[in-house]
Amino acid sequence: MQLREILGPENIIVPLEAASLHEAIIALIQRLAQQGLVRTPLDIERLVATAGGRDLVTIGDQIVLPHQRTDAVDRLVVALGIAPEPLAAPEAGDRVRPRIVFLILGPREGASSYLQTLAAIGRLLRDERVLDRLLAARSVEDVLAIRDLGDLRIEPQLAVRDVMAYDVPVVAPDAPVREALETMIRERVNAVVVTGDKREVLGIVSEVDLMRAILPQVPPAGDREAGPGLGALKVRDVMTRSVLCISPEVGLDEAASTMINKNVEQLPVVSEGRLTGILTRAQIIRKLFAR
């Protein structure tokens, strides 16, 4: 399937007259409702607007992809809006002031095509050439003239790249262990990848690795003398060096089987020797089965 099959001119608003992301989403939902593609537009508006960022993909500071699986649509629907001025978007974070809003709605059943579409559009919008042409568009015709957009293929099978997280918390091998601990707490993850100067994977620090490092520093009951403390330890002293990595092109079913058989919680995703993302069990479960 190509994107033009689900993104026709009637689903594109240029210019998108809105002051905020919330208003932009309402406008896109109303456009879909006018075509009979959405049964209960107010329910979807509430779902998307209150997602709190969980169902809102951001790419750079100018693109957002709000997305939902809902009973209000019978099939996958997509709408695109390009605002003439940056939108206020507190739900996307302080640094994000988007102009491009890609709304993706899918039925509760059929997670595969929904995720494939979300991932394919996300990858395309990371292409600066496509981004520049979208930002320069002043009409629906300008958007339709972007051949890469209409020709975008949505693959029939899910791959690792369709589900993985692109923003990966990393730490350097010479960083203090405390930095790895603080990164895990701040990012709410249970492991951080250790990378070198060229973003090559050198190891991984998990909660288990930190526990092994921390426990010897805990003094026995009644002993007020603490150990040397985490400050003396470097990440390279506690990290797991043997790390199973995976390619973004591997099928998701194969990746899931590997995680089960090897009993690993996460797989760093590597392309051409560089870290490009991370795949976790939680991502697979939430994205495939969450309603």
Side-chain angles (χ1 to χ4, degrees), residues 1-53 55-68 70 72-73 75-106 114 117-152 154:
M1 179 173 68
Q2 291 182 309
L3 185 59
R4 63 166 55 93
E5 297 175 40
I6 55 175
L7 181 66
E10 65 279 2
N11 294 7
I12 302 172
I13 304 178
V14 183
L16 175 60
E17 299 295 345
S20 68
L21 176 59
H22 179 81
E23 292 180 7
I25 292 173
I26 292 174
L28 293 172
I29 291 173
Q30 289 175 339
R31 175 63 64 90
L32 293 172
Q34 289 168 3
Q35 301 167 54
L37 298 175
V38 175
R39 282 195 296 274
T40 52
L42 291 179
D43 287 346
I44 294 182
E45 175 204 329
R46 184 164 55 252
L47 282 170
V48 176
T50 60
D55 294 320
L56 189 68
V57 173
T58 62
I59 301 175
D61 57 1
Q62 299 187 86
I63 305 170
V64 292
L65 283 75
H67 56 96
Q68 283 285 342
T70 170
V73 297
R75 60 182 176 85
L76 185 72
V77 295
V78 178
L80 167 64
I82 303 175
E85 300 293 336
L87 302 170
E91 57 271 75
D94 295 338
R95 67 177 183 82
V96 179
R97 298 274 294 178
R99 284 188 53 207
I100 298 172
V101 182
F102 239 117
L103 176 67
I104 303 169
L105 302 174
Y114 165 81
T117 302
L118 176 62
I121 293 173
R123 286 194 300 273
L124 178 68
L125 295 181
R126 287 180 170 84
D127 186 326
E128 292 186 1
R129 295 176 298 117
V130 175
L131 171 60
D132 289 343
R133 292 196 64 185
L134 282 171
L135 291 173
R138 296 295 179 267
S139 66
V140 173
E141 290 71 23
D142 289 344
V143 174
L144 295 176
I146 303 174
R147 188 168 181 177
D148 288 341
L149 190 67
D151 289 348
L152 178 66
I154 300 168

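Computed from a prediction, not measured in an experiment: that's the story for all the values here. The figures here come from the full heavy-atom set of this structure, side chains too, leaving out hydrogens, waters and symmetry mates.
- Within the 4.5 Å cutoff, the side chain of Leu3 has heavy atoms near those of the Leu149 side chain.
- Going from atom CD of Gln62 over to atom CG of Leu131 covers 6.0 Å, rounded to the nearest 0.5 Å.
- Heavy atoms only, all atoms of each residue included: Leu135 and Arg99 are closest at O-NH2, 3.1 Å.
- Listed here is the closest heavy atom pair of Arg95 and Gly60: NH1-O, 3.4 Å.
- The shortest side-chain heavy-atom distance between Leu134 and Leu125 falls under the 4.5 Å cut-off.
- Nearest heavy-atom pair across Val73 and Gly106 is CG2-C, 3.5 Å.
- The CD1 atom of Ile146 lies 10.0 Å from the CG atom of Asp132; values are rounded to the nearest 0.5 Å.
- In this structure, the side chains of Val38 and Thr70 stay at 4.5 Å or more apart for every pair of heavy atoms.
- Rounding to the nearest 0.5 angstrom, the gap separating the CG atom in Leu87 from the NE2 atom in His22 is 12.5 Å.
- With rounding to the nearest 0.5 Å, the separation of CG in Leu76 from NE2 in His67 is 12.5 Å.
- The structure places CD1 of Ile100 at 4.5 Å from CD1 of Ile63, a figure rounded to the nearest 0.5 Å.
- Using a 4.5 Å heavy-atom threshold, the side chains of Ile82 and Leu16 count as separate.
- Put simply, the side chain of Gln35 gets close to the backbone of Glu10: a donor and an acceptor are under 3.5 Å apart.
- Ion pairing between a basic and an acidic side chain is recognised when a charged N comes within 4.0 Å of a carboxylate O; Asp151 and Arg4 show such pairing.
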Note to self: Under the criterion side chain to side chain contact (heavy atoms under 4.5 Å, CB included), I'd like the reasoning laid out for Ile13 against Leu28: C-alpha separation, chi angles, the key distance, then a yes or no.
What the structure shows: CA-CA 8 Å; Ile13 304 178; Leu28 293 172; 3.9 Å; yes
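- In this structure the side chain of Leu103 reaches within 4.5 angstrom of the side chain of Leu32, judged on heavy atoms.
- Taking a cutoff of 4.0 Å between a charged side-chain nitrogen and a carboxylate oxygen, Asp148 and Arg129 qualify as a salt bridge.
- Contact check for Arg138 versus Val14: no side-chain heavy atoms found under the 4.5 Å cut-off.
- Atom CG in Leu56 sits 10.0 Å away from atom CD in Gln68 (nearest 0.5 Å).
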Next item on the list: Starting from the C-alpha separation in whole Å, work towards a yes-or-no answer on side chain to side chain contact (heavy atoms under 4.5 Å, CB included) for Val77 and Asn11.
Entry: CA-CA 9 Å; Val77 295; Asn11 294 7; 5.6 Å; no
Item checked: Chi angles and distances behind the side chain to side chain contact (heavy atoms under 4.5 Å, CB included) call for Ile12, Leu144 -> CA-CA 9 Å; Ile12 302 172; Leu144 295 176; 3.9 Å; yes
Check: Can Val78 and Phe102 be said to form a side chain to side chain contact (heavy atoms under 4.5 Å, CB included), step by step?
Finding: CA-CA 7 Å; Val78 178; Phe102 239 117; 3.5 Å; yes
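- Leu7 places none of its side-chain heavy atoms less than 4.5 Å from the side chain of Val143.
- Residues Thr117 and Ile6 are in side-chain contact: their nearest non-hydrogen atoms beyond the backbone lie under 4.5 Å apart.
- By the salt bridge (charged side-chain N to carboxylate O under 4.0 Å, His left out) test, Arg123 pairs with Asp162, sequence neighbours left out.
- Summarising the local packing, CZ of Arg39 is surrounded by more than 12 heavy atoms from other residues, nucleotides or ligands at distances under 6.0 Å.
- Annotation for Ile59 and Gly122: closest pair CD1-O, 3.4 Å, computed over non-hydrogen atoms.
- Nearest approach of Pro84 to Pro15, heavy atoms of both residues: CD-CB, 4.0 Å.
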